[in-house]
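One structure below.
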Amino acid sequence: MHRFALSFSIATLSLFWTSGVEAQIRTEHPRLYFVEGDLERLRADAGTDARIDAMSRYMTRQMADTAARTRSTTRIQGGDYGLMSIAAFVFLVTDRADVGVEAHRYLALLAASDPVGADLLGTRNRLLALAIGYDWLANDLSTTEATAARAAIVRYVESLSELLERPNFVVGTSRWAHVTALAGLLAIHHDDDSLDDVLDVVLDHFVNGYNPAVAVMGVGGGHPMAWYYGSNYAGTEPVMLWRSASESGEIWNADFLRESAYFHLYAANGVLEMPLMEDAGNPHLTIDARYQIQMAAMLGNGHAETFAQTLEGADGVAIEPQFAIHRLLTEPDPSTASPIETLPLSRFFAGSGFFVVRDDWDREAATLVAFKASPFYSQGHHSRDEGSFVLDYRGPLLVDGGYYDGMTSSTHYRAFSSRTVSHNALLVHGPADPVAPGYPVIDGGQIVRGAEPDDAAALTSSRFRLHGIVGHGDAGACVWARADLADVYGSKLSAYTRDLLTLRRPDGSLHPMIYVLDRADLVSALPSSLLWQFGLAPTRDGQTITGSNEAGARVRLDVVRPTEARFDEFSGADRYRVGIGARSGTYPPDRLTPSQTWPYWGRIEVSPPSDTASPVWSTLIRVGDAELDADTRAPLDVSGSDWMGVRLGSTIAVIASTSTTRVALPAGAPLVDGCIAGLASGATIEVAVGSAPPVTLTADADGIVRYEPGGTTPLDASVGLDASVGLDASVVEDAGASFTIDVGARVDGAARDDDGGLAPRVDAGPASGGAGCGCRALGARGVSSSSFVGAVGLAFLITRRGWRRGRSA
C-alpha cells in the first residue's frame with residue numbers, strides 16, 4: 001500500500017483498468033518513450049545519423065568544459081530533465097563509457113535530492129528526470145543505484161499527492177504533476193509495487209479526465225490557452241509514455257494530435273514566432289509545440305512532416321537535442337511530406353474558438369490574423385479577451401498589451417494582462433460591474449467568474465458554455481468570421497457581435513484589408529470604447545491611426561464609425577492605467593523577465609462622442625509597407641438599414657444580415673471587387689450602384705458573396721451587343737457568387753479564375769427575359785475563355801483583355 005491516502009475512494013472512479021495494470025505494462029526496460037526494438041534501430045543508425053552525432057558531440061563539449069559541468073549540476077538539481085535524457089540517450093545508443101559515467105552522475109544527484117514544495121515546477125521536472133534516468137539506465141545500474149533511484153521516485157510521487165488527489169482536467173497545474181508521476185510510476189512498475197494503486201488512479205485520470213477534456217477543447221487541433229501554454233497543457237508526453245510502456249502501444253487523443261500541428265503551422269510568421277495571446281511567456285515555438293508537430297507527422301499528417309523538417313538545421317540536426325530524440329523516435333518516412341501550399345489559407349479551431357486567416361504561405365510576405373472567441377469560459381492561463389484579435393505582417397502590428405509575468409497573484413496579471421483592457425477588444429463601463437475576488441480593479445471589460453470548469457462535461461454544460469464564433473467561411477478572396485459576445489460582459493449589455501471580413505487581394509493589391517464591425521446593445525447609455533493595442537508609437541490624423549513594427553511594416557486603421565469619435569491615448573506609465581473614476585488605478589508590472597523584450601507602446605481607445613446605448617464601430621484596417629504611406633484614399637461609409645460596410649476606391653466590404661435582400665451603393669467609379677458576408681446560406685441579394693441595373697448575387701454555403709462584377713474591358717467592345725436580341729442565359733462558374741448580366745454595352749457580372757484572371761464557363765440556356773439573364777456561380781475552376789450563342793446565333797467572345805493577373809487568392 002502506498003504511503004499516503006488519497007482523499008477519495010478509488011471505488012468511486014470509473015476506472016478503465018478494473019483488474020489493475022499488471023498485464024498491460026511491459027516488463028522490460030527501457031519502456032519510457034522507446035523500447036528495446038527502437039533501441040536496436042537507433043544503434044544501427046548511430047554511425048550515420050547526423051542528429052545522434054550532434055548529441056554525442058554536445059555531451060563531449062558538456063563534459064570537457066569545467067564551467068559547463070559545474071553548471072550542469074545546478075541545472076539537474078534545479079529540475080532540468082533535458083540533461084538527464086540527453087546523457088542517458090547518448091549512452092544507450094552509442095555505448096560511450098564516458099557519457100555513461102556522466103549519466104550515472106546525473107542520476108545520483110537526482111536520487112540524493114528531495115522534493116521542494118516551494119519549487120513545484122522543479123519538483124515535477126526532477127521526478128521526470130529520475131524516471132527517465134532510472135528506466136533508461138536500468139540495465140546498467142548497480143543494486144545500490146537502483147534502490148536509491150526507486151526510493152527517490154516514491155518520495156517525489158508522494159510529494160505530489162495533493163495535485164494527484166484534486167485534479168482539474170481543464171486547467172490546473174495538476175496535469176504536469178500527473179505527467180511526471182505517470183513517468184515515475186511506469187518506470188518503477190514491476191520493480192516496486194508500493195504505488196501500484198496510485199498508478200491506477202493516475203491512469204484513470206488520464207483516460208476518463210484529461211483525454212476527454214482535450215478531445216473537447218482540441219477539436220480542429222487548437223487549444224484555448226493559445227500557442228504558448230496550449231501545447232504544454234495538451235502535450236505529447238503522457239501519450240508517448242503510455243504508447244511505449246503499454247503492451248498495446250495505444251495512442252491517446254490521436255485525432256487531436258494529428259491536427260495539432262495546424263495550430264502552429266497556420267499562426268507561424270516569417271521567423272516562426274507565434275501570436276502573443278493569452279498567458280504568452282514568449283512568442284517562440286516551445287519544445288512541447290515541436291513535439292506535437294512531430295507527433296502529428298508520425299500519425300500521418302504530411303503537412304506536419306514538412307513543417308517538422310523546417311525545424312531542423314540544414315544538416316538535419318534539430319535545434320534542441322530533446323526534439324532530436326523525439327524526432328528520432330517518431331520520424332515517419334520523409335516521403336510522406338505534403339506541400340503546405342495545398343492547404344486552405346484559413347482554419348477554424350472549433351474546440352478552442354480560434355480562427356486564423358493568412359493571405360499567403362510565403363511566411364516572409366504573409367499577413368495573418370488570429371481571432372479568438374472561445375465556446376466555453378475558463379480562467380486558468382486565459383484572459384478576458386473573447387472577441388479580440390492580433391495582426392501580424394513581418395512582425396506584430398496589432399498586439400496583446402499584457403505580458404504574463406509568471407505570477408497569477410501579481411497586480412499586473414490581475415489588473416491588466418489577464419483583463420480585457422490589455423486586448424484589442426471592447427470596454428463598457430457599467431455602474432454595477434462586479435469586483436472579482438482577488439482582483440484589485442474593474443476595467444470595464446469582460447466578467448471574471450468565480451467558478452472554473454474542471455472536466456469535459458463542464459466544458460459543454462450551460463454553466464460554462466459561451467456562444468463564441470457563430471459564423472465563418474472562406475470564399476478564397478473573402479474570409480469572414482462572426483463572434484457573438486453577449487454572454488461575456490455580464491448584465492451591462494444585451495447584445496454584442498464582432499465581424500471580421502478579410503479581403504485577401506482587394507483590387508489586385510499585394511496586401512489584404514480587414515473590415516471590422518462591432519455592434520452592441522447596452523442596457524443604457526454607458527461609457528464604451530474600442531481598444532487598439534500597439535507595439536510602437538502610432539500616429540493619428542483625424543479618424544485615421546497609423547502604426548508600424550520594428551521591421552517597418554505598416555498598419556492603418558480608418559475609423560468610419562463613430563463619426564467624430566473620441567480618441568484617448570494610454571502610453572508610457574499610463575499604458576497600465578485601468579478603469580475610470582474612483583475605481584481606476586495604474587498597475588505597473590511587478591517584474592519583467594529577460595525573455596519578455598517585445599515592445600509595447602500602449603493603447604488607443606476609440607469612443608463615441610457621447611455615451612450611447614447602441615454604439616457601433618466600423619473600422620477598415622489596411623496592411624502594407626512604405627507604399628501605404630502614399631495611399632491617401634479614405635474609406636466611405638456605405639451602410640444601409642440592415643447592412644453596414646465600407647467602400648475603398650473600387651472595392652466594397654459589407655456585413656449583411658440574414659434578412660438583407662438588397663445593397664444599394666451610391667453612384668461613383670465602377671466597382672471591381674469586394675465581399676458581402678453574413679447572409680443566410682444560399683441567399684440571393686441584389687447589389688445596385690447608383691441608377692445602374694442591379695447585379696443579382698447568391699451567397700455560398702457560408703453566407704458569403706464574392707463580388708466581382710467586371711474589369712476594365714470584360715467584353716470585347718467591338719461586339720456591339722444589341723439588347724433586343726434574345727440571348728440565351730449563361731452560367732458563370734467561379735467565386736461562389738451568381739450574376740445577372742445586363743447585356744448591351746456593359747456587363748455587370750464576370751468572374752476570375754484562381755490566378756485572378758477572367759475565367760467564366762458559359763453554357764447555353766433559355767433566355768431569362770429582356771436584356772438580362774439569370775446567372776449563377778458554383779465556385780468551381782472556370783475555363784480561360786468561352787462563348788455563348790443566342791437564339792439568332794449571335795456569338796461573342798469573353799476575353800482576358802484589361803484584367804490584371806494577381807497572386808492566387
Side-chain angles (χ1 to χ4, degrees), residues 226-229 267-286 363-370 372 383 385 388-407 410-413 415-425 443 511 514 530-541 544-557 567-578 586-606 621-626 628-629:
W227 288 270
Y228 185 73
Y229 272 104
N269 67 11
V271 291
L272 295 178
E273 290 184 343
M274 303 292 108
L276 288 168
M277 300 181 76
E278 305 298 355
D279 287 349
N282 66 65
H284 304 296
L285 276 171
T286 65
R363 298 193 184 282
E364 297 294 334
T367 299
L368 65 91
V369 175
K372 179 239 179 175
S383 301
D385 60 346
S388 71
F389 69 96
V390 296
L391 174 66
D392 186 293
Y393 167 58
R394 298 202 293 131
L397 283 169
L398 294 177
V399 304
D400 256 12
Y403 65 85
Y404 180 48
D405 61 4
M407 298 291 289
S410 74
T411 53
H412 175 69
Y413 179 83
F416 190 76
S417 71
S418 68
R419 307 301 293 275
T420 311
V421 70
S422 68
H423 300 89
N424 298 305
D443 69 333
H511 302 285
I514 303 104
L530 201 63
L531 278 57
W532 301 107
Q533 316 276 343
F534 296 91
L536 301 181
T539 60
R540 187 172 67 86
D541 182 7
T544 299
I545 307 169
T546 302
S548 61
N549 60 22
E550 293 177 313
R554 269 61 157 191
V555 62
R556 178 178 297 172
L557 288 76
F567 295 82
D568 296 306
E569 294 186 1
F570 294 80
S571 61
D574 282 346
R575 68 186 184 273
Y576 299 119
R577 181 175 295 174
V578 178
T586 300
Y587 295 91
D590 294 336
R591 61 192 182 96
L592 187 64
T593 64
S595 66
Q596 291 146 350
T597 57
W598 53 85
Y600 175 55
W601 168 82
R603 70 186 187 272
I604 293 180
E605 296 190 2
V606 181
I621 300 174
R622 282 178 279 170
V623 175
D625 294 294
L628 186 59
D629 297 337

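Rounded to the nearest 0.5 Å, atoms CH2 (W227) and CG (L285) are 12.0 Å apart. For the atom pair CG (D392) and CG (L398), the distance works out to 10.0 Å, reported to the nearest 0.5 Å. Note that OG1 of T546 is 8.5 Å distant from CZ of R622, once rounded to the nearest 0.5 Å.
A donor-acceptor pair is defined here as one N or O able to donate and one able to accept, closer than 3.5 Å; no such pair exists between the side chain of N549 and the backbone of L397. Side-chain atoms of N424 come within 3.5 Å of backbone atoms of V399 as a donor-acceptor pair (strictly under, hydrogens ignored). Side chain of R363 to main chain of A268: a donor-acceptor pair is present (N/O by atom type, distance under 3.5 Å, no hydrogens or angles). Listed for the R394 side chain is a donor-acceptor partner under 3.5 Å among the backbone atoms of A551. Using a distance-only test at 3.5 Å, with no hydrogens or angles considered, a donor-acceptor pair links the side chain of S418 to the main chain of Y413.
In terms of the side chain to side chain donor-acceptor pair (under 3.5 Å) criterion, residue partners of Y600 (sequence neighbours excluded) are, by chain and number, Q533. Residues satisfying the salt bridge (charged side-chain N to carboxylate O under 4.0 Å, His left out) criterion with R577, sequence neighbours excluded, are D574. By the ring pair (Phe, Tyr, Trp, His ring centres under 6.0 Å) test, Y576 is found to be paired with H412, F416, residues two or more places apart in sequence or in another chain being considered. With sequence neighbours left out, D400 forms a salt bridge (charged side-chain N to carboxylate O under 4.0 Å, His left out) with no residue at all. Every residue two or more places apart in sequence or in another chain that forms a salt bridge (charged side-chain N to carboxylate O under 4.0 Å, His left out) with E605 is listed here: R603.
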For this session: Please report the C-alpha distance between E278 and Y228 in whole Å, then the side-chain angles of each, then the deciding distance to 0.1 Å, and finally whether the side chain to side chain contact (heavy atoms under 4.5 Å, CB included) criterion is met.
Result: CA-CA 8 Å; E278 305 298 355; Y228 185 73; over 6 Å; no
For this session: Could you go through the side chain to side chain contact (heavy atoms under 4.5 Å, CB included) check for R556 and L628 one step at a time?
Result: CA-CA 8 Å; R556 178 178 297 172; L628 186 59; 4.1 Å; yes
For this session: Apply side chain to side chain contact (heavy atoms under 4.5 Å, CB included) to the pair F570 and V421, showing each step before the final yes or no.
Result: CA-CA 11 Å; F570 294 80; V421 70; over 6 Å; no
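Between I604 and P538, the closest heavy-atom pair is CD1-CG, 3.8 Å. Across all their heavy atoms, H511 and G624 have their closest contact at CD2-CA, 3.7 Å. Here the closest heavy-atom approach between residue Y393 and residue A366 is recorded as CD1-O, 3.5 Å. Nearest heavy-atom pair across T420 and A425 is CG2-CB, 3.7 Å. Minimum interatomic distance between S383 and D279 (heavy atoms only, all atoms of both residues): OG-OD1, 4.3 Å. Taking all atoms of both residues into account, the shortest heavy-atom contact from T411 to P588 is OG1-O, 4.3 Å.
Side chains of I621 and W532 form a contact here, defined as non-hydrogen atoms less than 4.5 Å apart. A heavy-atom distance below 4.5 Å is found between the side chains of F534 and L557. Contact annotation: the side chain of R575 never approaches that of W601 to less than 4.5 Å [non-hydrogen atoms, C-beta and beyond]. No side-chain heavy atom of R419 sits under 4.5 Å from any side-chain heavy atom of V578. Considering only heavy atoms from C-beta on, H423 stays 4.5 Å or farther from L531 through its side chain. Considering only heavy atoms from C-beta on, H284 stays 4.5 Å or farther from M274 through its side chain.
Legend: salt bridge (Lys or Arg N to Asp or Glu O under 4.0 Å) pairs involving residues 532-541, not counting sequence neighbours: none detected.
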